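Everything below concerns the one structure shown next.
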There are 2 protein chains.
Amino acid sequence: MTNPLDQVFAALADPTRRAILAMLLEDDMAVTDVAEPFAMSLAAISKHLQILAEAGLIAQEKRGRVKWCKLEPDALRAASVWMQGFGVFDPVDLDAFERFLADELADPSSP
Amino acid sequence: MTNPLDQVFAALADPTRRAILAMLLEDDMAVTDVAEPFAMSLAAISKHLQILAEAGLIAQEKRGRVKWCKLEPDALRAASVWMQGFGVFDPVDLDAFERFLADELADPSSP
DNA sequence: GGTAAGGTCAACCATATGGTTGAATATGAA
DNA sequence: TTCATATTCAACCATATGGTTGACCTTACC
């Protein structure tokens, strides 16, 4: 899975990871805080964050003993371009996006 | 993996499947013809097509003994909306898309 | 009818994925 | 120093994924 599109799409295929990205849309967060709403171990979240980082979707910076996670939406660009090539898409429908966020953040612990 | 976004993104995470979608952008195709450029068994391609169909990205219709595959770009809409929520994306960059297609179709047999 | 073409199914295999736990490593605070 | 917090590592487990092969069904053709 060397192809960056492979990595980005695979990263996005997991609901936990999409929920994490949505959370980071609000603000940068420490690993522990990212993990808090999820019903899974910190180690599991740490792995998800690694996958997101390898796909370039987040950046992680360690400051002191806490590691901060920051959204890197630019990594979505290539995937977005790929998809746009197929369609006929409406101009950005932010309402629809808000609905997604609501759904995915509602109960991220049961993906 | 009940969530439709899960299915769509997972389907897109495989280079063979993305190449198939790109091929279908040109025209509807029979399963055998879809399989032709790939260095893998017909059965493998058949499975990929099932995954694409379950994600709603293609429709399959059997006419006579040949099964036709047809692109269903609408299935990309939800995923596209999700991604658009993160960005700041340029207006559709078709040149970039053409480059992707060129890359992915160049040698789909070695994903 | 017999035979070939188009696809799928079933069983199998190797590897990847998503999770767990417990131990280990920093770093900060008392 | 000692202790607690923040995070990762390593080993493990169950299941999913992407591929193979060979048998199978259906539909066309001679």
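To find a chain, count down the sequence lines: A is the first, B the second, and so on, and within it residues start at 1. Keep in mind it's a predicted model, so treat the numbers as computed, not measured.
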TODO: Applying side chain to side chain contact (heavy atoms under 4.5 Å, CB included), name anything that partners Ala44(A), two or more places apart in sequence or on another chain.
DONE: Met40(A), Ser41(A)
Task: Comparing Val66(A) and Lys47(A) on DNA chain D - which has the more 5′ nearest nucleotide - done: Val66(A)
Task: Proximity to the side chain of Ala43(B) - top-ranked nucleotide from dG19(D), dT8(D), dT21(D) - done: dT21(D)
Open item on the list: Suppose clustering is done on Ile, Leu, Val, Met, Phe, Trp and Tyr with side-chain heavy atoms closer than 4.5 Å. Which residues sit in the same group as Val66(A)?
Closed with: Trp68(A)
- [ ] Quick one: name the residues clustered hydrophobically with Ile51(A), using the 4.5 Å side-chain heavy-atom rule over I, L, V, M, F, W, Y, and just say none if it's on its own.
- [x] none
Open item on the list: Need one value for Leu42(A): base, sugar-phosphate or nothing, where a base atom within 4.0 Å counts as base even if backbone is also close, heavy atoms only.
Closed with: base
- [ ] Sugar-phosphate atoms are those with a prime plus P, OP1 and OP2; base atoms are the rest. Using that split, label each nucleotide of nucleotides 25-30 of chain D B, S or - for protein heavy atoms under 4.0 Å, 5' to 3'.
- [x] --BS--
- [ ] Under the side chain to side chain contact (heavy atoms under 4.5 Å, CB included) rule, collect the residues that match up with Ala35(A), sequence neighbours excluded.
- [x] Leu42(A), Ile45(A)
Task: Members of residues 27-36 of chain B that approach DNA chain C, where some heavy atom sits under 4.0 Å away - done: Ala30(B), Val31(B), Thr32(B)
Task: Candidates dG18(D), dG19(D), dT20(C) - which lies nearest the side chain of Ser41(A) - done: dT20(C)
TODO: Please round to the nearest 0.5 Å and tell me the distance separating atom CD of Gln7(A) and atom CD of Glu54(A).
DONE: 6.5 Å
TODO: From the options dG7(C), dG19(C), dA6(D), select the nucleotide whose nearest atom is closest to the side chain of His48(A).
DONE: dG19(C)
